[in-house]
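Report on the structure given below.
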Amino acid sequence: MLNRTNRVMGGLVFGLLIAMAAGPVSAAPIFSADAIYDATGVQGGLVVHLGCGDGTLTATLRASDRYLVRGLDTDAANVAKTRALLHAKRIYGPVSA
């Protein structure tokens, strides 16, 4: 079992990978949710996606019921796009922005 320090560091690395996966706001995500989870070994928990853009990656980060996903962005228009997408997919709640 991972000790507390390893869990914290793993969470920080995971958060950075998700932030980097967003790439520039106008670009498609660099990584898929599956690639991020495969690379990090994360199997559930709170996922914070920094720079959620249009919400495409944010939505897919909810790989199963084991994940609670929050998308954050400094651009209110991106947050609105993400919320609209999440509502359209009927996953708003477990995934939000």
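Treat the numbers as computed from the prediction; the structure is a model and nothing was measured.
- Checked by atom type, the side-chain pair T56/D54 shows a donor-acceptor distance below 3.5 Å.
- At a threshold of 4.5 Å between side-chain heavy atoms, the hydrophobic network of Ile, Leu, Val, Met, Phe, Trp and Tyr places L68 and L72 in one connected group.
- Tracing side-chain contacts under 4.5 Å through hydrophobic residues (I, L, V, M, F, W, Y), one never reaches V95 starting from V79; they form parts of separate clusters.
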Run the side-chain donor-acceptor check on residues 80-88: report pairs under 3.5 Å with partners two or more places apart or on a different chain.
from	atom 1	to	atom 2	distance (Å)
T82	OG1	G53	O	3.1
T82	OG1	G55	N	3.2
T82	OG1	N78	O	3.0
R83	NE	A97	O	2.7
R83	NH2	A97	O	2.8

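- Between R66 and Q43 the shortest heavy-atom distance is NE-O, 2.8 Å.
- Listed here is the closest heavy atom pair of V42 and Y67: O-OH, 3.1 Å.
- A heavy-atom distance below 4.5 Å is found between the side chains of R70 and L46.
- Atom SG of residue C52 and atom CG of residue D75 lie 9.0 Å apart, to the nearest 0.5 angstrom.
- The only member of D73, I36, L57, T60 that meets side chain to side chain contact (heavy atoms under 4.5 Å, CB included) when paired with H49 is L57.
- Linking Ile, Leu, Val, Met, Phe, Trp and Tyr residues whenever their side-chain heavy atoms come within less than 4.5 Å places Y92 and L61 in a single cluster.
- Residues I91 and V69 share a hydrophobic cluster, clusters being chains of Ile/Leu/Val/Met/Phe/Trp/Tyr side chains in contact below 4.5 Å.
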